[in-house]
Amino acid sequence: MEYLVTKEQMKQIEDKAMNQIKIPSILLMEQAAMGILEEMEKEEQIQNKIFILCGMGNNGADGLALARLLHQKGYLSVMIGIVGQEEKGTKEWQIQYEMIKNLKIEYVIGTDWIEDMNFSNYDCIVDGLFGIGLSRELKGNYFEIVHKINKVGNKVYAIDIPSGICSNTGKVLGIGIKAYKTITFEYKKIGCMLYPGAEYSGNIVVKHIGIPTYISNNFPFSYYTYSLSKTIHTLLPKRASYSNKRTFGKVVVFAGSKNMAGAAYLSGRAAYEMGAGLVQIVTCDSNREIIQTLLPEAILTTYDPEDISWEEISHAIDWADVIVIGPGLSVKNYAKQLLQFVLNNSKVPIVIDADGLNILAENSSLIKKCNSQIIYTPHLKEFSRLIKKDLEEIKKDLFTAIQSFLDNSNHILVCKDARTIVGRNGTPFYINQSGNHGMATGGSGDVLTGMIAGLIAQGLSLEDGAVVGVYLHGLAGNSACKEKGAYSMKATDILNHISKITNVC
């Protein structure tokens, strides 16, 4: 587990280090500069020309400290460009600036130098213009210098966060530095994880600057993620050697409208691929032949949409350890009746996706008699319909929208996007890093619902099942992308690669 922080949380952590432990801020700054130097030394030669862009805050002071360390290491060409006036620098900035002057390291200060500066003369640029505290849009001289740097396309090392990126939302504040690598401190910032900030951040490297573990161990973090290097077997459900097919759980998938068997197949097979012992697909009778052909392992229950046998539906519900409902179901009246019956009669967890969500968006009262825990799996447009808010308004403050939806409930939300978020009231939100744009294809979400259900059937908690399902779904997509390429990927490719990333005997 890797914790993520907002700018407010990072400030609280630093304040505790400085005020409770009495670590001087200048010492934390020195450690930060040493961390940046360590990363740069991996790639930059001593003869390389390095330009360090500095603002007047402590992010700029980090840049000044770095310039001093590079100078002391013998780097032959270090140039500092300071945007602003000397008297506006922070206390720490003033200390670093005095040392730069005393060492006679070359610098320019003010704004007049910006127009004539030729950034193409430098092998790399270090961005220390603004840090995580930025809340306003970049304009004027700030906009101009960022635009010039982006246009030249230098290799840019961003200090803590690329200048111009909101550290809490990932929003571009007018314009943002496009970094090759972001060197951040102690924890990744939310803004570097969410899009579009993630695209501007490049490769993110976390450097520790001396914050005591005592503080981290007692801090109420709100967000976490799994890195792509996470050891997968530690996340998977434990499987006993002495077992049978019922040991690993029974999944029922209510999916597929008339002559629309694809979603039912994808969800059902994904549950099997994820390790479920038995999968029953409940679908329209017109889908029988294709499901039996594509997935002969599945137990199959079919119904006539015009004359549903509620007794058979009831047997399927009673048989299940976990239920999926919604993929390809349609929003017709029979589908609404089916969803209502499942919600009213189920005593096991329910994963609601696709058309199940669309029905709920128009008929929110259907949920009132439900006694089961629910995992909702909407993409952003479906989520906007569920909470009856404009999509663009949601994007401005997604976490608030998610929290509002979860308030006073024990349900789980899997909000699907380029960075899928899994939330449950009272616990830290999970932000997913795995996956790629090749997964933006029909049926990908159906695979995810089946994977989540398969994990829950084997004994994972609902929250862990949702988080691990999202993470492994993305890893399977990454594996498929390496083989097929993002342009040619299909949902079945994700299915075929589940076993490749869970190949643990």
Side-chain angles (χ1 to χ4, degrees), residues 1-13 35 39 59 127 130-135 156-173 176-208 216 219-230 235 379-380 383 394-403 413-424 427-437 439-440 448 463 466-475 477-478:
M1 182 183 293
E2 182 181 354
Y3 287 114
L4 310 169
V5 294
T6 63
K7 64 181 179 183
E8 293 83 5
Q9 290 171 333
M10 193 65 228
K11 187 176 186 306
Q12 290 172 23
I13 290 168
E39 282 304 307
N59 196 254
D127 167 30
F130 290 104
I132 62 175
L134 183 69
S135 57
V156 178
Y157 297 91
I159 299 177
D160 217 7
I161 192 168
S163 292
I165 302 301
C166 176
S167 58
N168 285 2
T169 67
K171 180 182 176 182
V172 179
L173 299 172
I177 286 277
K178 294 178 180 176
Y180 158 74
K181 182 179 286 188
T182 297
I183 302 151
T184 195
F185 310 120
E186 295 296 340
Y187 308 98
K188 291 178 183 175
K189 311 308 182 287
I190 293 287
C192 290
M193 297 295 299
L194 301 177
Y195 285 94
E199 286 187 305
Y200 284 73
S201 300
N203 182 31
I204 304 171
V205 179
V206 178
K207 291 293 182 180
H208 297 290
S216 302
F219 191 81
F221 291 98
S222 303
Y223 309 96
Y224 73 101
T225 188
Y226 288 133
S227 69
L228 299 185
S229 61
K230 175 71 177 175
L235 301 175
H379 54 62
L380 284 185
F383 184 51
I394 290 171
K395 287 181 178 180
K396 290 178 184 177
D397 195 351
L398 182 57
F399 291 114
T400 297
I402 291 173
Q403 186 59 62
L413 179 69
V414 177
C415 193
K416 298 182 294 193
D417 200 20
R419 286 283 191 255
T420 293
I421 298 167
V422 180
R424 184 175 196 167
T427 64
F429 287 179
Y430 170 78
I431 301 176
N432 190 55
Q433 292 189 70
S434 65
N436 59 81
H437 53 85
M439 299 175 72
L448 175 60
E463 187 172 1
V467 168
V468 175
V470 167
Y471 176 65
L472 297 181
H473 181 250
L475 290 185
N478 288 348

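We're numbering straight along the sequence, starting at 1. Everything numeric here is computed off the predicted structure, so don't read it as measured data.
- Scanning both residues, Cys415 and Phe383, for their nearest heavy atoms gives SG-CD2, 4.0 Å.
- For the salt bridge (Lys or Arg N to Asp or Glu O under 4.0 Å) test, residues two or more places apart in sequence or in another chain that qualify with Lys11 are Asp15.
- Across every non-hydrogen atom of Cys192 and Ile161, the tightest pair is SG-CG1, 3.6 Å.
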Item checked: Chi angles and distances behind the side chain to side chain contact (heavy atoms under 4.5 Å, CB included) call for Val156, Lys178 -> CA-CA 7 Å; Val156 178; Lys178 294 178 180 176; over 6 Å; no
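- The structure places CD1 of Ile431 at 11.0 Å from NZ of Lys188, a figure rounded to the nearest 0.5 Å.
- Checking side-chain atoms of Arg419 against main-chain N and O of Met193 turns up a donor-acceptor pair under 3.5 Å.
- In terms of modelled atom types and a separation under 3.5 Å, the side chain of Asn432 and the main chain of Ser434 share a donor-acceptor contact.
- Between the side chains of Thr184 and Thr182, no donor-acceptor pair is found at a separation under 3.5 Å.
- Contact of the Phe429 side chain with the Gln403 side chain is registered, since non-hydrogen atoms from C-beta on lie closer than 4.5 Å.
- The backbone N or O of Gln433 sits nowhere less than 3.5 Å from a side-chain atom of Tyr471 that would complete a donor-acceptor pair.
- Aromatic pair Tyr223/Phe399: centroids less than 6.0 angstrom apart.
- In this structure, Tyr226 and Tyr430 have tilted ring planes: the angle between them lies in the 30° to 60° band.
- Taken from CG in Asn203 to CD in Glu39, the straight-line distance is 8.0 Å, to the nearest 0.5 Å.
- Interatomic distance, NZ of Lys171 versus NZ of Lys395, reported as 12.5 Å (0.5 Å rounding).
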- Do Phe219 and Gln12 pass the side chain to side chain contact (heavy atoms under 4.5 Å, CB included) test, and can you show the C-alpha distance, the side-chain angles, and the key distance before you say yes or no? CA-CA 9 Å; Phe219 191 81; Gln12 290 172 23; 3.5 Å; yes
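- The shortest side-chain heavy-atom distance between Glu186 and Ile13 does not fall under the 4.5 Å cut-off.
- For Lys181, the NZ atom counts as densely surrounded, since its 6.0 Å shell holds more than 12 non-hydrogen atoms of other residues, nucleotides or ligands.
- Counting all heavy atoms, side chain and backbone alike, Leu448 lies closest to Val414 at CD2-CG1, 4.4 Å.
- No donor-acceptor pair under 3.5 Å is formed between the side chain of Asp127 and the backbone N or O of Pro162.
- Of the possible polar contacts, one joining the Asn59 side chain to the Ile159 backbone as a donor-acceptor pair under 3.5 Å is found.
- Between the CD1 atom of Ile165 and the CD1 atom of Ile132 there is a distance of 14.0 Å, given to the nearest 0.5 Å.
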From CA spacing to verdict: side chain to side chain contact (heavy atoms under 4.5 Å, CB included), Lys416, Leu380: CA-CA 6 Å; Lys416 298 182 294 193; Leu380 284 185; over 6 Å; no
| request: Walk me through it: do Val467 and Tyr224 pass the test side chain to side chain contact (heavy atoms under 4.5 Å, CB included)? | output: CA-CA 11 Å; Val467 168; Tyr224 73 101; 3.5 Å; yes
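- Although no hydrogens or angles enter the test, the distance criterion places no donor-acceptor pair under 3.5 Å between the side chain of Thr225 and the main chain of Glu2.
- More than 12 non-hydrogen atoms from other residues, nucleotides or ligands lie less than 6.0 angstrom from NZ of Lys7.
- Note that CD of Glu8 and CD1 of Ile190 are 10.5 Å apart. Values are rounded to the nearest 0.5 Å.
- Applying the salt bridge (charged side-chain N to carboxylate O under 4.0 Å, His left out) rule to pairs touching residues 193-203 yields nothing, sequence neighbours excluded.
- Taking CD1 of Ile177 as the start and OG of Ser201 as the end, the distance is 11.5 Å to the nearest 0.5 Å.
- The two residues Phe221 and Tyr3 come nearest to each other via the heavy atoms CB-CD2, 3.3 Å.
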